Amino acid sequence: MTTHPGAHHVALPADTPGPHSRRLGLVAVVATFGGLLFGYDTGVINGALEPLSRDLGLNSFTEGFVVSILIFGAAIGALVGGRLSDRRGRRHNILMLAVIFAVGTLGCVLAPTWQVLAVFRFVLGLAVGGASATVPVYLAEVAPTERRGGIVTRNEVMIVSGQFAAFVINAIIYNIWSGWDGIWRVMLVIAVLPAIALFVGMLRMPESPRWLVSQGRDDEALGVLKQIRSPERAVAEMDEVRALAAEEAATKTAGPTDLGVKWVRRLIFIGAGLGIFQQFTGINSIMYYGTQLLESAGFSANAAVIANTLNGLFSVLGILVGLTLMNRIDRRTLLLAGFTLTTTFHLLVGLSAYLLPDGPAKSYLVLVFVILFVFSMQGTIGPLVWLILSEIFPLKIRSLAIGICVLVLWLANAVVSLLFPIVREATGIANTFFGFAVLGVIALVFVYKCVPETRNRSLEELEDEFRGVPA
Amino acid sequence: MTVLVAVPEGREGPPAVAAGVAEARMLGTDLVVLNMTLSPLDGSLLPDDLKTTVVERSGPGDRDPAEAVLDEIADRPDVERLVIGMRRRTPVGKALLGSVSQRLLLESPIPVLAVKPPA
């Protein structure tokens, strides 16, 4: 309980270079491996699915099951991981996650049947979700203010880069040993390497000073700051760390009882809606099933796994473009433009598959439109939804609201991933993408009617709008 | 001796504050205002001529608004009267989210004045 909520800005001396700089450079390394691991583990199934499916005798339902169970695990992992990292500490949590990553990966690699594979994919999902809830928080808390934004952005880029890397490695391995169905095990086992790197990197990293302060361990927090900042900066920064820890505590004020308040419910409804529609674009259907999709559009198995690397490449390029666009264009405008583009490309994929006779023209047009879809999605809606979620909620409801929205987003992702192979097999590529186009139109209506502009607006103005007070 | 008023979200909030102010005046005491809502209290509700302390609900320890009020009573032994605002709730809403005012009525160690908003 406090009578003076909110943090104040503290002027800090610049962080001059010194022996501590190398220590801080390790933060960037951990950032790289945390994000890469997330990306690789979610993306690797894309190229692995076809040989895996033959090796373990999957049908479209068990394919959807084995792929999506990782995402269901991630939904739970994000929820539990966030709580654990508040209770036991960020560093402890990330070390534990690195071990779960390694165990989950090895379990998948050695799985004799699809049932065992599913169990370990679920375990892997717990680690993916936990990492998504812990790694960016840890990075933001350890990095100095002036480098904080850059390091967190780098994490987003590394996630898609991890997926791209998975697609490229899949393509290489597939084209070397294309006769052998067991190659999916080789593709998966590579994910042990970044897990080891994360573990070793994290062993040399200190606990988050902000977390230590939140536990009342101020002396230890100062000790950590002295390792990763210049000496005069470390002392000066303690005030900022305390203010941020207090602000962080304030974000955890709202609890389930507050869902009885109408404006709180409305804001959470909007955030959850954005999460759902981001996933209902089907972006992750491409990220998980791209190779299979291209094969059914007429590419040979070897060509499909190579063509799929373009999906990964344009996903990375899209994010890079999106991160620069986000702060120049209003959120609503960019969201509406994004959904218009993705819906258009859904229609064009559907029409190409529906109207054209089987042959190279059809295959290549489907590929081009899928790539354009991925690029426009990652250039707009992909990163933008995360940004809006971080800025739409007033301080005191933030933790509760973001928790619910992220859970809903993961669940929407899991449902789409479960249904995609089943729907595609039952109705074909054309109808599947017409379905995505219909969802896109609903998303446009939702954004137009419900989503407020958050760029260049204070939280107080937003809150007044939602409480029905004229601003 | 002090009067504590717990201000809930919604239109039952301002009448609760008004009743708290009237109660403090009648008893000739100070007023402590515990803001259970998630946004800052509207300062215009408070008179200038009464000694008031505003306490904001903040942090995971105050996640449950009823607990926040009961903790405040425990922390301030001079509080002898609790004023709360309440309104009719649907059975479904009560079953899902519970009722803060019901819990305060039942669990408060001091007498409670419950105020309804005008119909």
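It should be emphasised that the depicted structure is a prediction, and the values quoted were computed from it without experimental measurement. Naming convention: chains lettered A, B, ... in sequence-line order (proteins, then strands); numbering from 1 in each chain.
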* Option passing side chain to side chain contact (heavy atoms under 4.5 Å, CB included) with T253(A) (candidates E56(B), R63(B), R57(B)) -> R57(B)
* Asked: Picking from A254(A), G260(A), P256(A), which has the most non-hydrogen pairs under 4.5 angstrom with chain B?
  -> A254(A)
* Near R266(A) CZ, under 6.0 Å, is it more than 12 heavy atoms from other residues, nucleotides or ligands? -> no
* To do: Check each atom of L259(A) against the heavy atoms of chain B and say whether the ones under 4.5 Å are side chain, backbone, both or neither.
  => both
* **Check against side chain to side chain contact (heavy atoms under 4.5 Å, CB included), V264(A) and L38(B)** => CA-CA 9 Å; V264(A) 173; L38(B) 296 163; 4.1 Å; yes
* Asked: Should we say atom CG of D49(B) is surrounded by more than 12 heavy atoms from elsewhere, each under 6.0 Å from it?
  -> yes
* **Distance (rounded to the nearest 0.5 Å) between I397(A) CD1 and S39(B) OG** => 10.0 Å
* Spatial distance of atom OG (S58(B)) from atom NZ (K252(A)) [nearest 0.5 Å] -> 11.5 Å
* Structure fact -> Within residues 76-90 of chain A, the residues sitting under 4.5 Å from chain B by heavy atom, in sequence order, are none
